[in-house]
Amino acid sequence: MLRFQRPTGTQDILPEDQPYWEHVTACAVRLARQAGFERIDVPIFEATDLFARGIGTATDVVEKEMYTFTDKGGDSLTLRPEFTAGVVRAYIENGMHVRPQPVKLYSVGPVFRYDRPQAGRFRQFHQFNLEILGEQDPLADLEVMTVIWDLYATLGFRNLSFQLNSTGCPRCRPGYVEVLRDYYWRHREEVCDDCRRRMERNPLRVLDCKAEVCQPIIEAAPPILNHLCDECAEHFARLREYLDLLGRPYTLNHRLVRGLDYYTKTVFEVWAAGIGAQAAVCGGGRYDGLAEVLGGPPTPGVGVAAGIERIILAMKSQGIPVPPLPAPPVFLAHLGDAARREAVRLADALRQAGIGVWVAFGERGLKSQMREADKRGARFTVILGEDELARGVATVRDMAASGQIEIPLEELIPWLRERVGP
RNA sequence: GUGGGUGUGGCCUAAGGGUUAAGGCACCUGGUUGUGGCCCAGGAGAAUGUGGGUUCGAGUCCCACCAUCCACCCCA
């Protein structure tokens, strides 16, 4: 009977899964750097109010998914449910508006949401995050999209679906919301209870409703794209023009509205098949009003967050392979006290020389040590016994070829370095 | 927060209400002096999620709780 187990919705990422994590994050970081993004690390917890104001009090994330606690000083803190609010806070707090604009930042790490876990959904999960701050050019929108796009392509994905929409800005959205309200008012008897409530609190979200009865209503609803102001329409048109220029296929989805309040203009998600009902592997968009809401100078911004667990799930489901992590190529077996002392010295010298070594522990028979060498996947097993010691040599066995030769101890390092060296 | 499925060694699986809960994988040790994989032998490892109840008797039936999985909601 286990005394302790991991908290609900968390997971242990075991060694056998690490090749996926290593590969995904390494690819993501490489692509981000290549496009000029610099790394920023922000705290895992922040003032609760930062998220409440940044994400929006009417959102599910803030209403019911935050891990909030009071610390010993009486401050209300919250484990970050996303990166953007913290990154924008850091931009403001560190006066990054005086740097050459825009500032392009990436982050990787855990985020936390109190949800009921299910396939592809966890309470602690990990995101790879990109933000471009201080730039209103739709080229910035394009760039976060293409870096993410290239990440999926580099990883080897096929059949991903890019969903794109524009949700307007404070100038045009209120007008559209009115049009939508009128429309829903006329259909108030036909839509679900949730949507009647949504019309009051968070009108755009009705477009996202999955209820059967609402589907025909949504289909016939006035699309927001017909109600964008000139600026938003122009922005969206240029973004689409660039996407077409690059030949990046996407699906216009006028129902895509996103759960966070801060989005303006561009919103997008990428969906993957085969990972359960939670198909979104990333989501993002533009948030031109966020910096001001957080007390900073007016600063346009656009960003994206990719869920690493979901990427890995989708890779496994699609059978996408990842390179193995390097393990020590040399296993050092020893027999007897004197040989063990020499083995300790030798292992130290090999590692100093940059050669990875696994040294056998304990006093065991050679058979046992050979079995271990095999399981550890060593390319060479170096055997040091009394015999070898007396003659100043080591037996080196090539595990795959099943052949072995003796090498004088003083030649061992160069001999191995030549074959497995750094 | 709601609904459904599932809980037997580390993992997978067996046990028609009736002996000391069986097997496979993995793990460890041997199979002549110091040699891995295949094979063989042996070993260690579980009071069957927890607590009640029904019964002469419960891994098996009932209830509750917990955990987990899937789905709703929402999202990464």
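Order of the sequence lines fixes the chain letters, A, B, ..., with proteins taken first and strands second; residue numbering starts at 1 for each chain.
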Given the structure, check if the side chain of [X] and the base of [N] hold any donor-acceptor pair shorter than 3.5 Å.
X      : N      : result
A:R364 : B:rC28 : no
A:Q278 : B:rC74 : yes
A:E388 : B:rG34 : yes
A:R121 : B:rC74 : yes
A:Q118 : B:rC73 : yes
A:T381 : B:rG36 : no

Between A:Y106 and A:F128, how do the two ring planes meet: parallel, tilted or perpendicular, split at 30° and 60°? tilted

Base, sugar-phosphate, or nothing for [X], non-hydrogen atoms under 4.0 angstrom?
X      : value
A:G120 : base
A:E372 : nothing
A:A373 : nothing
A:D387 : base
A:R116 : base
A:I383 : base

chi for B:rA71 classified (syn = within 90 degrees of 0, anti otherwise) as anti

Nearest-Å distance once atom P is located in both B:rC39 and B:rG34: 25 Å

Looking only at atom C1', what distance separates B:rG23 and B:rU32, rounded to whole Å? 32 Å

To the nearest angstrom, how far is [X] atom [atom1] from [N] atom [atom2]?
X      : N      : atom1 : atom2 : result
A:L335 : B:rU33 : CG    : P     : 12 Å
A:I275 : B:rA71 : CD1   : C1'   : 15 Å
A:D115 : B:rA76 : CG    : C1'   : 10 Å
A:L204 : B:rC74 : CG    : P     : 14 Å
A:R397 : B:rG37 : CZ    : P     : 10 Å
A:D193 : B:rU2  : CG    : C1'   : 15 Å
A:D398 : B:rU35 : CG    : P     : 19 Å
A:R198 : B:rC73 : CZ    : C1'   : 8 Å

Considering only NZ, NE, NH1 and NH2 on the basic side and carboxylate oxygens on the acidic side, decide whether [X] and [Y] come within less than 4.0 Å.
X      : Y      : value
A:D17  : A:K316 : yes
A:E219 : A:R255 : yes
A:E269 : A:R258 : yes
A:R181 : A:E178 : yes
A:D60  : A:K64  : yes

Is the phosphate of [N] approached by [X] (side-chain N or O, under 4.0 Å from OP1 or OP2)?
X      : N      : answer
A:K64  : B:rC74 : no
A:K367 : B:rC28 : no
A:R371 : B:rG30 : no
A:S368 : B:rU29 : yes

Between which residue ranges does RNA chain B form stems of three or more consecutive Watson-Crick or G-U wobble pairs, both distances under 3.5 Å? B:1-7 with B:66-72, B:10-13 with B:22-25, B:27-31 with B:39-43, B:49-53 with B:61-65

Assign each of A:A306 and A:K375 to its nearest nucleotide of RNA chain B by heavy atoms, then name whichever residue's nucleotide is nearer the 5' end. A:K375

Tabulate protein N/O versus nucleotide N/O from nucleotides 65-67 of chain B, keeping only pairs under 3.5 Å, one per line.
| from | atom 1 | to | atom 2 | distance (Å) |
| --- | --- | --- | --- | --- |
| B:rA67 | O2' | A:Q5 | OE1 | 3.3 |

Given the side-chain rings of A:Y152 and A:F157, with only the six-membered ring counted for Trp, is the space between their centroids under 6.0 Å? yes

A:F162 ring center near A:Y250 ring center (under 6.0 Å): no

Scan side-chain atoms only and decide if A:R248 and A:Y242 contain a donor-acceptor pair under the 3.5 Å cut-off. no

Set of residues satisfying side-chain hydrogen bond (donor to acceptor under 3.5 Å, both in side chains) with respect to A:E93, sequence neighbours excluded: A:R89

Indicate the atoms forming the closest heavy-atom contact of A:R286 with A:A140, along with that distance. NH2-CB, 3.9 Å

